[in-house]
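Working notes, beginning with the structure itself.
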There are 2 protein chains.
Amino acid sequence: MAETVRRSTSRYGSRPTMKDVAARAGVGLKTVSRVVNGEAGVTQDTERRVQEAIEALGFRRNDSARVLRKGRTATVGLVLEDLADPFYGPLSRAVEEVARAHGALLINGSSAEDPERERELALALCARRVDGLIVIPAGSDHRYLEPEIRAGVATVFVDRPAGRIEADAVLTDSFGGARQGVAHLIAGGHRRIGFIGDLPRIHTAVERLRGYRAAMEDAELPVADGWVSLGPTDPERVREAAAAMLSGPEPVTALFAGNNRVTVTVVRLLAEWERPVALVGFDDIELADLLGITVVAQDAAALGRTAAERLFRRLEGFDDAPSRTELPTVLHARGSGEVPPAED
Amino acid sequence: MAETVRRSTSRYGSRPTMKDVAARAGVGLKTVSRVVNGEAGVTQDTERRVQEAIEALGFRRNDSARVLRKGRTATVGLVLEDLADPFYGPLSRAVEEVARAHGALLINGSSAEDPERERELALALCARRVDGLIVIPAGSDHRYLEPEIRAGVATVFVDRPAGRIEADAVLTDSFGGARQGVAHLIAGGHRRIGFIGDLPRIHTAVERLRGYRAAMEDAELPVADGWVSLGPTDPERVREAAAAMLSGPEPVTALFAGNNRVTVTVVRLLAEWERPVALVGFDDIELADLLGITVVAQDAAALGRTAAERLFRRLEGFDDAPSRTELPTVLHARGSGEVPPAED
DNA sequence: TAGGCCCTGGACAACGTTGTCAGGAGAAGC
DNA sequence: GCTTCTCCTGACAACGTTGTCCAGGGCCTA
């Protein structure tokens, strides 16, 4: 009475293999493999029998075994900061589309701006043998990736360059963009301009600050100590920083916001502020046109697309020296950046 | 002279294995495995020697082989519509966090609202032997997943229920939310209200329309044919639909927008419209508070979190009948929904 | 001192697939 | 009719890891 449950007939948690399909179709294992992979050299009749067995058993090829054998996973990894940030969604999507065009899947993970977590994630992806890796760095030392790169994992850094290793990087021209945005405010008559940016360990924050200083210097304007603030971009800190700049002994008449999160917080603050204050933000924001927010826009999707294309060129064997690409920014004047300086 | 290049010393594209590490450390293969996995039964001295060999060779465990042997991948898949849509970023991130807490990685893919692509993606993830699958359906027939589910792939549907199969679903109360939003407009004195929603094959679109009709019926208000529009949510179509409702023979005095994309387009249109029109949208939008847009908000992160938690409970062996969870919505009155009806 | 136990380490098979190679059947050419 | 060639098919090993099982040595106990 007791029925022996063979692996291939167990109802749950086990799957038919090519061997099972072969047995059912009455053919050899390799023939099934050929059918599954569309290889030539199988008669129509045999192929039909195999297909029927596949259907009947609900067979699906085990890609882990395939990867083990072939060495390539057709998968790329993307380590970014936070997928919930509207800047990264389009970037990730653009990478995915390029990957898809090359028949690859994308695994992405959020580092939450934590260097240790970035490292864990990147190495976990390497352990899964992704063919390539796109990283938006949280940390500033990427030597931990050296063995992986040597072992053949193509790696491209996006938005911020790699730290302490040579590698491809696709960046936005943060320096030029910030300089342009601040120059726009200066052209509007402002002479006291504040800068609120991200943590100083973040490359783009430093570059944008450099752009700000360059624009001020170009116009021979002094920069008071209190006009510059680099730090975490949580609303509380940004609010405080902005409020301080707006109410100090030398209150600024305009603000330059270093990224989209800062811009949003400043917009909220300025909505309650009695005195009109000009604002230019780095990064575009949805509905910014309706709110009349002037921004220096970068193209997140182009960033992702460019990086992914470079990655796949590497995977196709292109073996040049690591390069750095900088994408331009575009200034959208929508009102907030054209507010004239308030009279003292 | 000719030097034989052994696999393990080839400079590029090949990687050391446990065997190489074992040889270098002068121990057995299994001992390396023990060290790598932190298993007990290795003396401190041996462990140190192995660790040194691992460092020196830059060894990293090949997870494909591991998966092949163990059967579990510690990976879950998420099929969503479009990662660039601000609704899905937070959802995906929430799933990722739950996965991370369970030691799993997340692979996500965008279906671009194409049923065929949803199917391809979901099956590709199954071929990679994800432990579980979270799907935001684009199509309405998910029988193709039956063999996978039978084979043990835990599957949870989010935002929209599965079609033609029994499976867990975590949804937003679209019906209730829309009813509440439309009732809010009615309470404000509106009697002619338009509804603009997504494609009729999308479950949430239909549910929200049902909610709209229920609210109108509750108030014993008629619904004219021209007041309802279901279709693609590209700006052109939505603009046309809204303009038609606003200028027909019985022009509406208020609009209910079926999702965030529709809301944004309608807000843009109303900004240029001479007559004041009330608007309530389904889904919250960044900066909607500043623009004074009244919305029925759903919590995308909660949706993702709830679905992921259910998925992992299943993976831990919880084996109940498929369940359906509906999360509540919240009405945020911010101005646009409180515009009184224009006099005729 | 003998016997038994525990601790450490290694040999071996298995996971499911694909590449290599060889064999067999049938067709074509002499 | 026999050889040669082509086409189809299947046996087998290998990919890198982990689970099972066994051996050897050291230590404790009687």
Side-chain angles (χ1 to χ4, degrees), chain A residues 6-8 10 13-50 53-54 57-74 124 126-129 131 151-152, chain B residues 6-8 10 13-51 53-54 57-74 126-129 131 151-152:
Chain A
R6 285 171 306 144
R7 273 200 83 271
S8 51
S10 133
S14 87
R15 285 170 154 282
T17 69
M18 285 191 178
K19 200 170 152 190
D20 299 316
V21 175
R24 172 153 186 146
V27 302
L29 179 54
K30 180 65 206 204
T31 300
V32 176
S33 172
R34 274 191 267 263
V35 171
V36 169
N37 293 293
E39 286 173 38
V42 181
T43 50
Q44 285 224 331
D45 184 59
T46 309
E47 169 159 4
R48 191 184 42 73
R49 288 215 317 283
V50 172
I54 289 177
L57 296 175
F59 167 79
R60 185 161 313 284
R61 180 175 63 197
N62 184 330
D63 273 353
S64 295
R66 174 166 223 254
V67 162
L68 179 59
R69 193 61 235 261
K70 305 204 73 151
R72 282 245 160 159
T73 52
C126 289
R128 285 176 199 231
R129 296 294 186 270
D131 297 333
Chain B
R6 285 171 305 145
R7 272 201 81 273
S8 52
S10 138
S14 89
R15 286 171 154 282
T17 69
M18 286 192 178
K19 200 170 153 190
D20 299 317
V21 175
R24 173 154 186 144
V27 302
L29 180 54
K30 180 65 207 207
T31 301
V32 176
S33 173
R34 273 193 267 264
V35 171
V36 169
N37 292 295
E39 284 173 38
V42 181
T43 52
Q44 285 225 330
D45 184 59
T46 308
E47 169 159 3
R48 191 184 42 72
R49 287 216 316 284
V50 172
Q51 287 291 7
I54 289 177
L57 295 174
F59 167 79
R60 184 160 315 284
R61 180 175 63 198
N62 184 330
D63 271 353
S64 294
R66 175 167 224 255
V67 162
L68 180 59
R69 191 63 233 263
K70 304 205 75 153
R72 283 243 158 162
T73 53
C126 289
R128 285 175 200 230
R129 295 294 186 268
D131 297 334

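Lettering follows sequence order; numbering is per chain, from 1.
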query = Do the side chain of B:Lys30 and the base of D:dG19 come within less than 3.5 angstrom through a donor-acceptor pair of N or O atoms?
reply = yes
Distance check needed: [N] [atom2] versus [X] [atom1], whole Å only.
X       : N      : atom1 : atom2 : answer
B:Asp63 : C:dG16 : CG    : P     : 18 Å
B:Asp20 : D:dC15 : CG    : P     : 11 Å
A:Lys70 : C:dG16 : NZ    : C1'   : 14 Å
A:Met18 : D:dA11 : CE    : P     : 16 Å
A:Arg66 : C:dT17 : CZ    : C1'   : 9 Å
A:Arg15 : C:dT17 : CZ    : P     : 10 Å
B:Leu29 : D:dC15 : CG    : P     : 12 Å
B:Glu47 : C:dG9  : CD    : P     : 10 Å

request  = Could you please spell out the steps behind the side-chain contact (heavy atoms from CB on, under 4.5 Å) verdict for A:Arg15 and A:Asn62?
outcome  = CA-CA 9 Å; A:Arg15 285 170 154 282; A:Asn62 184 330; over 6 Å; no
query = If every non-hydrogen atom of B:Glu47 is compared with every non-hydrogen atom of B:Val35, which pair is closest and at what distance?
reply = CA-CG2, 4.1 Å
Output yes when at least one side-chain N/O atom of [X] is less than 4.0 Å from OP1 or OP2 of [N], else no.
X       : N      : value
B:Arg34 : D:dG19 : no
B:Ser64 : D:dC15 : no
A:Thr43 : D:dC8  : no
B:Arg69 : D:dC15 : no
A:Thr46 : D:dT9  : yes
B:Asn37 : D:dT18 : yes
A:Ser33 : C:dT17 : no

task = Using a strict cut-off of less than 4.0 Å between a Lys/Arg side-chain nitrogen and an Asp/Glu carboxylate oxygen, indicate whether A:Arg49 and A:Asp45 qualify as a salt bridge.
result = yes
inquiry  = Using five base pairs at each end to define the local axes, how bent is the helix from C:dT1-D:dA30 to C:dC30-D:dG1, to the nearest 10°?
reply    = 50°
query = Taking atom OG1 of B:Thr17 and atom CG of B:Leu57, what is their separation to the nearest 0.5 Å?
reply = 9.0 Å
remark   = d(A:Ser64 OG, B:Lys70 NZ) to nearest 0.5 Å is 13.5 Å
task = Could you check which of D:dT17, C:dG9, C:dG16 has an atom nearest any side-chain atom of B:Arg61?
result = D:dT17
task = Find which nucleotide of DNA chain D each of A:Thr31 and A:Ala65 is nearest to by heavy atoms, and output the residue with the more 5' nucleotide.
result = A:Thr31
message = If you define the side chain from C-beta out and look only at heavy atoms, does anything of A:Val36 sit under 4.5 Å from A:Met18?
response = yes
request  = Kindly indicate whether the side chain of B:Leu29, heavy atoms from C-beta on, has any atom under 4.5 Å from the side chain of B:Ser33.
outcome  = no
inquiry  = I'd like to know if the side chain of B:Thr73 reaches the main chain of B:Arg129, judged simply by a donor and an acceptor atom lying under 3.5 Å from each other, with no hydrogens or angles considered.
reply    = yes
query = So what does A:Val36 touch, heavy atoms closer than 4.0 Å: a base, only the sugar-phosphate, or nothing?
reply = nothing
task = Indicate, with a heavy-atom threshold strictly under 4.0 Å, whether A:Val67 touches base, sugar-phosphate, or nothing.
result = nothing
